[in-house]
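Presented below is the structure to which this report refers.
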Amino acid sequence: MALKSSSADGRTRSSIQIFIVVGLCCFFYILGAWQRSGFGKADNLAMEITKSTGDCNIIPNLNFETHHGGDAGSSDDSDSKPKSFQPCHSRFTDYTPCQDQKRAMTFPRENMIYRERHCPPQEEKLHCLIPAPQGYVTPFPWPKSRDYVPFANAPYKSLTVEKAIQNWVQYEGNVFRFPGGGTQFPQGADKYIDQLASVLPFTNGTVRTALDTGCGVASLGAYLWSRNVITMSFAPRDSHEAQVQFALERGVPAVIGVFGSVKLPYPSKAFDMAHCSRCLIPWGANDGMYLMEVDRVLRPGGYWVLSGPPINWKNNYKSWQRPKEELQEEQRKIEETAKLLCWDKKYEKGEMAIWQKRVNADSCRARQDDSRATFCKSADVDDVWYKKMEACITPYSDSGSSDEVAGGALKVFPERLYAIPPRVASGSIPGVSVETYQDYNNEWKKHVNAYKKINKLIDSGRYRNIMDMNAGMGGFAAALESPKLWVMNVVPTIAEKSTLGVIYERGLIGIYHDWCESFSTYPRTYDLIHASGVFSLYRDKCDMEDILLEMDRILRPEGAVIFRDEVDVLVKVRKMVGGMKWDTKMVDHEDGPLVPEKILVAVKQYW
């Protein structure tokens, strides 16, 4: 029996009009009641409004009017109308600027270069609002979203045919259903993860961060979530149309990405586990370069899982319909590179093999004298943005003794969320001491408490996919930590400090990015965006309009944005988004009206 997806008719859009009447705080309250009451059913909405509009004093300790000369009411250009941005053509509904299919085909196919990021030059950027597809509705809340996605939100049926026997996705009436299957786990991800759990320490919090390469619709990440493992899943935008879009509609962390010619946009020693299930990556090619990149992002003591060809090729080559000589050579190269990397094979059964990276250089002395071992010479192993991938081994950090973890051992999760990260304890982050790190966390707890008073939906489950555009050391995400949500922590490539490694050491996930370019995601994939200091950071670096249009592209209709910045910056932001069909309200800093830093809260209208 087909499930009914959420309604997006004129009555749904009327919730935005309510906002104009009763103010943003009241709007957040009503929107929460509306979504809890069954996604836009008009009778329930009216009842909730009747109950709720008398209780709109959500933030009595904050003043919505600013007390500085830069307030919008007194700015020099306040009388001029904001630029009005028009909708783009409907053919741009799923536009991904830096993974545009037409542009991609002009680049070489060697090493998947054509599937990498290729962003449009300034003169080719769109200056319009990406429209939602016809019939777009609010996604189901987690955990229902793990299993069901409204068809209208990603209307692509090809995977239901291509992957029918593998149980990736099924089309049922007006929704897609995701049974949890995959190419290597047609019986479901849970059973597959049970097999992994016989080797990997999921239950005690040792394995917290995972990387899933060639993730499909991210069912592994979806089901690892219940084991308290957060997975960064990625796949290219290719013939399997919308696989990453499906993942994000399901509420699972994912980005568009590929193993190609450039380094992955993650720091060294980031992941407790990396995984490939028939991901079609030629692991033995290019002198083992791709495995060496996995080794770079894998923590000392971390695990690599390979499921599918060429594992156990002797028993499987016939069913795979591939020459056994070819498969044998593939596995030989993988085993040879794994040995060079000092990975120990811990498991091989059926079509699955698991290796573990050793914990320090002392446990791997033999390779120092191996003529095949070429070590990377880069002084900064985390300087990866658009840097060419190399067939070299990233050296271990120093360790005090033969049994110590190189770079420092991590606590199990959730203890590691507020434990002192090794990068902080060692003084690797300039200007950050243990004391300043603790002060930083206390400050962000205060900020997030203020946000929750402004927008009571933050804790409700309404916002599943959240992005922090300038994440620092992950204070915002740590203060929000909840099984109801996840945060994509973005560290700008121009940030003063490279802190993404600290974020991973806390058991959180994130990515490097330059906000002068579009993010590697589909439109309408985030429910809430946090932008603290973003526009001050990018002042004179690139156009504010381009960044705001990109935020609009990736934000869902009726999604929210929290800006935190200097008041003069926010006045300009507020004026510009006034032409983008966003509703806004300026709020004083939680420490009072005399603090020049303000908060601008916004909601994207459904149009």
Exercise. Apply side chain to side chain donor-acceptor pair (under 3.5 Å) to the pair S428 and S426, showing each step before the final yes or no.
Key: CA-CA 6 Å; S428 300; S426 65; 2.7 Å; yes
Quiz item: With distance as the sole criterion, is a donor-acceptor pair present between the side chains of S145 and R464 under 3.5 Å?
Solution: no
Exercise. Taking the side chain as every heavy atom from C-beta outward, state whether I113 and H118 have any pair of such atoms under 4.5 Å apart.
Key: yes
Exercise. Among E116, H513, Q99, find the one that has a side chain to side chain donor-acceptor pair (under 3.5 Å) with S520.
Key: Q99
Quiz item: In this structure, which one of F178, Y156, F176 forms a ring-ring contact (aromatic ring centres under 6.0 Å, His included) with Y171?
Solution: F176
Quiz item: Should the SG-SG distance of C215 and C279 be recorded as below 2.5 Å?
Solution: no
Self-check item: Check: W486 ring centre within less than 6.0 Å of Y526 ring centre
Solution: yes
Quiz item: Does the pair F476 and N489 meet the rule for a side-chain contact (heavy atoms from CB on, under 4.5 Å), with working shown?
Solution: CA-CA 9 Å; F476 170 77; N489 291 282; 5.6 Å; no
Quiz item: Looking only at side chains, do Q331 and E335 share a donor and an acceptor under 3.5 Å apart?
Solution: yes
Quiz prompt | Value rounded to 0.5 Å, distance of CG in L264 from CZ in F271 | solution = 8.0 Å
Quiz item: Looking just at side-chain N and O atoms, do W385 and D514 make a donor-acceptor pair shorter than 3.5 Å?
Solution: no
Quiz prompt | Check: Y95 ring centroid to Y522 ring centroid under 6.0 Å | solution = no
Exercise. Would you indicate whether D398, at its atom CG, is surrounded by more than 12 heavy atoms from other residues, nucleotides or ligands within a distance under 6.0 Å?
Key: no
Quiz item: Is the NZ or CZ atom of K263 both under 6.0 Å from the centre of the six-membered ring of Y512 and within 45° of that ring's axis?
Solution: no
Exercise. Ignoring hydrogens and angles, state whether a donor on the side chain of R278 or S307 is under 3.5 Å from an acceptor on the partner side chain.
Key: no
Practice problem: Look at the side chain of W142 and the backbone N and O of V252, then say whether any donor-acceptor pair between them is shorter than 3.5 Å. | Solution: no
Quiz item: Would you call E330 and R322 a salt bridge, taking side-chain N to carboxylate O under 4.0 Å as the test?
Solution: yes
Self-check item: Any residue meeting side chain to side chain donor-acceptor pair (under 3.5 Å) with R524, in chain and number order, not counting sequence neighbours
Solution: D94
Exercise. Please state whether the rings of W313 and Y317 are parallel, tilted or perpendicular, taking 30° and 60° as the class boundaries.
Key: tilted
Quiz prompt | E390: side chain to side chain donor-acceptor pair (under 3.5 Å) partners, not counting sequence neighbours | solution = none
Quiz prompt | Donor-acceptor pair between T209 and D272 side chains, under 3.5 angstrom | solution = yes
Practice problem: May I have the step-by-step check of side chain to side chain donor-acceptor pair (under 3.5 Å) for E351 and N312, ending in yes or no? | Solution: CA-CA 6 Å; E351 297 181 14; N312 207 351; over 6 Å; no
Self-check item: NZ or CZ of R146 within 45° of Y223 ring axis and under 6.0 Å
Solution: yes
Self-check item: NZ/NE/NH1/NH2 to OD/OE distance under 4.0 Å, K339 and E336
Solution: no
Self-check item: Minimum-distance pair of heavy atoms, taken over all atoms of A254 and M488
Solution: O-CE, 4.4 Å
Quiz item: Does the pair E517/R117 count as a salt bridge with the N-to-O cut at 4.0 Å?
Solution: yes
Practice problem: Say whether D382 and S268, considering side chains only, have a donor N or O and an acceptor N or O under 3.5 Å apart. | Solution: yes
Quiz item: Should the pair W343 and W304 be assigned to parallel (<30°), tilted (30 to 60°) or perpendicular (>60°) ring geometry?
Solution: tilted
